[in-house]
Engineer: 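Before we start, here is the structure in question, set down as structure tokens.
Within every chain, numbering begins at 1; the chains are lettered A, B, ... in the order of the sequence lines, protein sequences first and strands thereafter. Since the structure is predicted, the reported quantities are computational estimates derived from the model, not experimental observations.
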Amino acid sequence: MVYFRPGDAGKPQEWAMIELQGTLETRHPVPFSGRFIGDLHFTHKDVPVLIIGHHILYGKLVSLEKPYGILVKDRQADTAHASYTITAIIRKKLLFKNRPKPIIANVPKKL
Amino acid sequence: MEANESINTRSLEDIASVLDFAKLDRSEIKSETQSVYFSEHLDSESFRLLELDKAVLEAIENGEKVVLRGDKEDCAVLCTDSQTFEVKQGEISNAMLILPNIHFGPELSTNDEPSVRYNEVNSVMHSFFELRPVKPRLAKLRQLLEKNPYSGQAEEGDDDHQGKKFTFNELLDLVQGSENEINTALHKMQALIIDGYWRVLDFDFLVQVMGHLLQLCDENDWTHSGVPIEECLNVLQELYPRSVVEHVIHNFCDKAVPTVSGDDDEENRMQIDIDYHKLNEDKVCRFFAEQILKHARKFNLSHFLSTWEKSVPEGMKTSLYQLEGLALIDRDSTPEVISYMTVDTLPEDMDERFNFLFRMKEKWSLADITPYIKDLETDKMDVTAMLTKVARASMSKGIKVYNSRKPLT
């Protein structure tokens, strides 16, 4: 069974997504938990701008034609009939599909 | 990525220096910045993404039952009350970062003071489940029920009737379809519940029951005046379980519409306090045709027609349209023949179905082929659309006929 768990106001919890090309990496293998990813800005025309490391990415807001449900398996003793709950819905995402622009460091002035 | 930054500690100065580094001027952007971190409890295994078709989302939001059926993930189907969807895993090369909270451009604060808000990504996904509308495997439903057709109460204990019997819920799990679709299919195959299990009636048993019913109707002239249900049941339940007789009566009779008052014909007047049903001529005649065809499978057409005419109850008239979806007439052979053919035994896959039909007969008229493909119709494709896709039309003896576009296998 797939149940739907409404949020506090009786309406579904609305979550969001940021979609990036490729995968995020760190220079050295370290756990990701708690790590800073980047700063998200919006231009006055509401274009999202994401600065991750040495890259600047320009993206756009996309309303999903088919929203994603967050499907959680309910913990149950009876595994013969598993049930699931949709705890939230994602209706919009920030899609960054343009090639990231590398940020070129300032060239030190000749002394 | 920045190293050694603990969560939610970025300052406005940190942000400003990155903007400077990126050569992005403060005047080009809104004043509120969101600094995005991975959550301390980053977990990409705790949930899955399920792409929601409009019908599924609506069902969930309305609190309707939505069920996932099937043991392995790659064979699962998702069912609302009335629709069935195949669940497939879609992988993409992009990374999908999931955030429970985020502000989009129009939601950001409009004051001019630079500010920072912290947001967390709780998981990173590379795949999601997508839904594809499908038709439930109804042929399987018939197969399951035919393992143990009902032949009468006394026979239930014998060797032929030790096959598995199924409850509605068991059928839902095995056939993997929505409740409405399964119910409709059960109704179409004239199945009924006996002792909590869904059963189909063995054909020879049905012939027996009908034999008694029609004899009773004939003796009491109920064919003309209508069948009084209670009286009829009281007689026949001596021979067969009441629920079985009721089921058979309802399959072959229509509820009687009382005649308009002012009709002085005593014999035909319905008495309004008794429940009457009238035998449905088309269904009864079709049933007799089925009895004849099932035995020999293929018949000389004119021989069949005269046998059929003589077999039906007195006062009933046979017509070819009553055989739609039951038999196929070949007018090109000499002599003309008629063969028993029902849609239930045909392949369920569309390409296989058309391959089978065109192998059997090269050219089909719309009227002839429709009963054998109508069950494949979907929201997106009706009979005409299907034929446009797989067949080529031409004229033959003044009628439009279809033959296969593709070579047959």
Side-chain angles (χ1 to χ4, degrees), chain A residues 1-4 12-13 15-28 30-53 56 61 66-73 82-84 86-90 92-95 97 103 105-106, chain B residues 1-3 5-7 10 15 18-19 21-24 28-30 32-42 46-54 56-57 60-61 63 65-68 78 93-102 104-106 108 119 121 124-126 128-131:
Chain A
M1 295 281 276
V2 179
Y3 302 97
F4 181 68
Q13 274 196 65
W15 283 12
M17 178 191 281
I18 291 177
E19 190 176 323
L20 303 171
Q21 278 198 328
T23 46
L24 292 172
E25 301 180 325
T26 47
R27 202 164 283 138
H28 310 288
V30 282
F32 284 14
S33 300
R35 296 198 81 76
F36 173 64
I37 299 172
D39 289 328
L40 174 67
H41 304 279
F42 281 88
T43 67
H44 295 294
K45 292 201 174 144
D46 293 330
V47 172
V49 184
L50 192 53
I51 307 177
I52 298 182
I56 182 163
L61 175 64
K66 289 193 194 178
Y68 289 112
I70 303 296
L71 194 70
V72 179
K73 189 162 183 174
S83 71
Y84 300 82
I86 292 198
T87 56
I89 295 187
I90 298 174
K92 296 183 192 178
K93 67 180 180 188
L94 292 175
L95 175 62
K97 66 173 183 192
I103 299 164
N106 281 320
Chain B
M1 283 201 281
E2 301 281 329
E5 281 222 6
S6 34
I7 202 158
R10 260 175 100 59
I15 293 167
V18 170
L19 283 172
F21 174 62
K23 299 203 196 67
L24 191 59
E28 296 170 54
I29 54 171
K30 292 189 171 178
E32 188 178 341
T33 299
Q34 292 169 91
S35 289
V36 186
Y37 288 77
F38 280 117
S39 160
E40 290 283 356
H41 310 289
L42 181 65
S46 61
F47 59 77
R48 309 300 289 272
L49 293 177
L50 174 67
E51 206 178 45
L52 298 168
D53 262 46
K54 189 161 173 240
V56 177
L57 180 56
I60 293 175
E61 284 177 329
K65 207 164 73 169
V66 176
V67 194
L68 268 173
L78 182 137
S93 53
N94 288 357
M96 297 183 279
L97 299 121
I98 311 296
L99 299 97
N101 291 298
I102 203 172
F104 298 116
L108 294 174
N119 285 335
V121 170
V124 181
M125 302 266 124
H126 293 279
F128 55 93
F129 287 127
E130 51 186 351
L131 300 175

Engineer: Measure distances from B/Phe104 to the heavy atoms of chain A and classify the residue's part below 4.5 Å as side chain, backbone, both or neither.
Structural biologist: both
Engineer: What part of A/Pro67 gets within 4.5 angstrom of chain B, counting heavy atoms only: side chain, backbone, both, or neither?
Structural biologist: both
Engineer: I need the minimum non-hydrogen distance between A/Glu19 and B/Met96, along with the two atoms involved.
Structural biologist: CG-CG, 4.1 Å
Engineer: Using heavy-atom distances under 4.5 Å, tell me whether A/Leu61 contacts chain B through its side chain, its backbone, both, or neither.
Structural biologist: side chain
Engineer: With a 4.5 Å limit on heavy-atom distance, are the side chains of B/Lys30 and A/Asp46 in contact?
Structural biologist: yes
Engineer: Using heavy-atom distances under 4.5 Å, tell me whether B/Ser35 contacts chain A through its side chain, its backbone, both, or neither.
Structural biologist: both
Engineer: Relative to chain B, which segment of A/Val49 carries a heavy atom at a distance below 4.5 Å: side chain, backbone, both, or neither?
Structural biologist: side chain
Engineer: Do the non-hydrogen side-chain atoms of B/Leu108 and B/Gln34 ever get within less than 4.5 Å of each other?
Structural biologist: yes
Engineer: With a 4.5 angstrom heavy-atom cut-off, could you sort out which part of B/Thr33 is near chain A: side chain, backbone, both or neither?
Structural biologist: both
Engineer: Report yes if the side chains of A/His41 and B/Leu19 come closer than 4.5 Å at any heavy-atom pair, otherwise no.
Structural biologist: yes
Engineer: With only heavy atoms counted, which part of B/Ile102 is less than 4.5 Å from chain A, the side chain, the backbone, both or neither?
Structural biologist: side chain
Engineer: Just to verify, which of A/Leu20, A/Ile56, A/Ile37 counts as forming a side chain to side chain contact (heavy atoms under 4.5 Å, CB included) with A/Leu50?
Structural biologist: A/Leu20
Engineer: Under 4.5 Å from any heavy atom of chain B, what part of A/Ile51 do you find: side chain, backbone, both or neither?
Structural biologist: side chain
Engineer: Around atom NE2 of B/His41, are there more than 12 heavy atoms of other residues, nucleotides or ligands at under 6.0 Å?
Structural biologist: no
Engineer: Is there side-chain contact between B/Pro100 and A/Trp15, with at least one heavy-atom pair below 4.5 Å?
Structural biologist: yes
Engineer: Measure B/Leu52 against the heavy atoms of chain A and call it side chain, backbone, both or neither at under 4.5 Å.
Structural biologist: both
Engineer: Evaluate the side-chain proximity of B/Phe47 to A/Thr87: yes if any heavy-atom separation is below 4.5 Å, no if none is.
Structural biologist: no
Engineer: Of the listed residues (B/Gly105, B/Ala22, B/Ser93), which shares the most heavy-atom pairs with chain A below a 4.5 Å separation?
Structural biologist: B/Gly105
Engineer: Which one, B/Leu42, B/Val36, B/Ile98, leads in non-hydrogen pairs under 4.5 Å with chain A?
Structural biologist: B/Val36
Engineer: Measure B/Val121 against the heavy atoms of chain A and call it side chain, backbone, both or neither at under 4.5 Å.
Structural biologist: side chain
